[in-house]
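Here is the structure we will look at.
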Amino acid sequence: MQEIKRDLYLERLINRKENGLIKIVTGIRRCGKSYLLDPIYKNYLLENEVKEDHIIKIDLDERKNNKYLNPDVLDEYIRSLIVDKDMYYIILDEIQKVEDFESVLNGFLHIDNVDIYVTGSNSKFLSSDIRTEFRGRGDEVKVLPLTFAEFVSAYEGSNDDAWKEYITYGGLPRILSQKTEEQKSKYLKDLFERTYLNDIIERNNIQRMDVLDTLVNILASSVGSLTNPKKLSDTFISSSMKDVSINTITSYINYLLESFLIEKAQRYDVKGKQYISTPSKYYFSDIGLRNARLNFRQQEEDHIMENIIYNELLYRGYNVDVGVVEIRENNMRKQTEVDFVCNQTDKRYYIQCALSLPTREKTLQEERSLMNINDNFKKIIIVKDNIKSWMTEEGISVIGIQEFLLNKDSLFI
């Protein structure tokens, strides 16, 4: 397997180097957090004349390092390695396994010549209580599974073949080293059951595994569809699970969000410039995990493509919402949807997803909500077809999915 390039994350770490904050690298398990810090970031440090004995790396999920799960032992050991005034770079993998790790990290902040990097695999690691403990001295870098461009950088084959692999098996880095379809499928299914779900069950002391199982299946089957706990409760009732409360469903969704397994996109009223609290959309952080959960049965390419575009926009640093645009039709008000409203500082893009635009009628249908937005921000339709970008008669940009994903500047063109 070729080297996987994660240049954007490396740049984000470099920009935070020696900034006096704890660099907190978060993300779903097996997405490549450890690989980002070692070898990618570690090699960067070594290439920039940092001595190897000034990089202190401990993998806290390895059995041989169990003694360092004791905060006093960890604290004493690391301090014993700091023997001069040069800068030391402390890298602690899966720090949430250490009891009272907040006090350990805050203690290190009082040492002038240390730069701290830690990883964690659930968002409880970033809860308000922990942020209070860090007293505003934590700086998050959230890592997602491989984007399509990162996947292609290590894939041995054509971009079209890479796309077929990616929409089926997703972007967890180890997928690239699995040789057969059977191996890839087994890896994803085992990871989902034995790692992600078990983590959620144990961390939150879940008693109703049947409810969690059903909820995950529903969300996987309806990825990108509007839903809320009440609607999900009705689905449970129709499935003869009438004893499942809305509060339980809400809690279980939050557990899935906290594990970084899914992401939530809120609805935003474009004309009213306000959020609509419910319903929302949910996307999987890795499409391969979603497909494996459904035993690779539901392969609706439009929904899969929408999920991949959502993840790509998050990767590029955008705040992403689902747009709602009210239009008048036959003297009646009607709500239409913009798949994504993307914001980043003073930039905004409105994006629709479509498999293709084979006719003028289909183009007008996809443009309808975009054409009813009365501002000058760029409006884009992303299609599956591997095409050269073009402009509709109404001035809407149309971009092929591979061009969008492989060109980091595709939204600016």
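In what follows, residues are counted from 1 in the order of the sequence shown. Just so we're clear, the structure is a prediction, and the values are computed from it rather than from any experiment.
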Parallel, tilted or perpendicular: ring planes of Tyr349 versus Tyr318, cut at 30 and 60 degrees: perpendicular
Test: Glu193 and Arg293 ion pair at under 4.0 Å: yes
Any pair counted as ring-ring contact (aromatic ring centres under 6.0 Å, His included), so long as it reaches residues 15-45, sequence neighbours left out: Tyr41-Tyr44, Tyr41-Tyr117
Atom CZ of Arg360: over 12 foreign heavy atoms under 6.0 Å: yes
Side-chain H-bond candidate by donor/acceptor type, Asp269 with Gln335, under 3.5 Å: no
Lys/Arg N to Asp/Glu carboxylate O, Glu140 vs Lys142, below 4.0 Å: no
Criterion side-chain contact (heavy atoms from CB on, under 4.5 Å) against Val270, the qualifying member of Leu370, Val324, Asp321, Val341: Val341
Arg137 (side chain) donor-acceptor with Gly20 (main chain) under 3.5 angstrom: yes
Distance-minimising heavy-atom pair for Ser369 and Ile373: O-CG1, 3.5 Å
Residues Glu165, Phe151; criterion side-chain contact (heavy atoms from CB on, under 4.5 Å); working and verdict: CA-CA 10 Å; Glu165 285 278 308; Phe151 186 87; 4.0 Å; yes
Side-chain heavy-atom pair Leu215, Phe236 within 4.5 angstrom cut-off: yes
Arg203-Ser121 side chain donor-acceptor pair, cut-off 3.5 Å: no
Sequence neighbours excluded - side chain to side chain donor-acceptor pair (under 3.5 Å) pairs with any residue from residues 370-383: Tyr350-Asp375
side-chain contact (heavy atoms from CB on, under 4.5 Å) between Val98 and Leu92, worked out: CA-CA 10 Å; Val98 178; Leu92 302 175; over 6 Å; no
More than 12 heavy atoms from other groups under 6.0 Å of CD on Glu76: no
Electrostatic pair Arg208:Asp243 at N-O distance under 4.0 angstrom: yes
Ion pair check, Asp234 and Lys230, cut-off under 4.0 Å: yes
Closest contact, heavy atoms only, Ala154 versus Ile4: CB-CG1, 3.7 Å
Salt bridge present between Glu182 and Lys186 (N-O < 4.0 angstrom): no
Residues Thr214, Ser239; criterion side-chain contact (heavy atoms from CB on, under 4.5 Å); working and verdict: CA-CA 10 Å; Thr214 302; Ser239 302; 5.6 Å; no
Aromatic plane relationship, Tyr9 with Tyr315 - under 30° parallel, 30 to 60° tilted, over 60° perpendicular: perpendicular
Any donor-acceptor N or O pair under 3.5 Å, side chains Glu181, Gln183: no
Contacts of type side chain to side chain contact (heavy atoms under 4.5 Å, CB included), residue Glu301, not counting sequence neighbours: Trp163, Ile167, Leu355, Lys384
Option passing salt bridge (charged side-chain N to carboxylate O under 4.0 Å, His left out) with Asp115 (candidates Lys23, Arg16, Lys17): Lys23
Residues that Ser356 engages under side chain to side chain contact (heavy atoms under 4.5 Å, CB included), provided they are two or more places apart: Pro358, Asp385
Lys179 and Glu156: CA distance, side-chain angles, deciding distance, salt bridge (charged side-chain N to carboxylate O under 4.0 Å, His left out) verdict: CA-CA 12 Å; Lys179 302 297 184 186; Glu156 297 176 355; over 6 Å; no
N-O pairing of Glu306 and Lys281 below 4.0 Å: yes
Lys271 atom NZ: more than 12 heavy-atom contacts under 6.0 Å: yes
Note: Glu300-Arg290 ion pair, threshold 4.0 Å (strictly below): yes
Within residues 389-413 or reaching into it, pairs that qualify as ring-ring contact (aromatic ring centres under 6.0 Å, His included) - sequence neighbours excluded: none
For Arg79, side chain to side chain contact (heavy atoms under 4.5 Å, CB included) partners two or more places apart: Asp75, Phe108, Ile111
Neighbour count >12 (heavy atoms, 6.0 Å) for atom CG, Asp112: no
Full working for side chain to side chain donor-acceptor pair (under 3.5 Å) between Gln96 and Glu94: CA-CA 5 Å; Gln96 80 276 359; Glu94 301 296 350; 2.9 Å; yes
Atom CD of Glu62: over 12 foreign heavy atoms under 6.0 Å: yes
Lys408, NZ: over 12 other non-hydrogen atoms inside 6.0 angstrom: no
Lys57 with Asp59: basic N within carboxylate O range, under 4.0 Å: yes
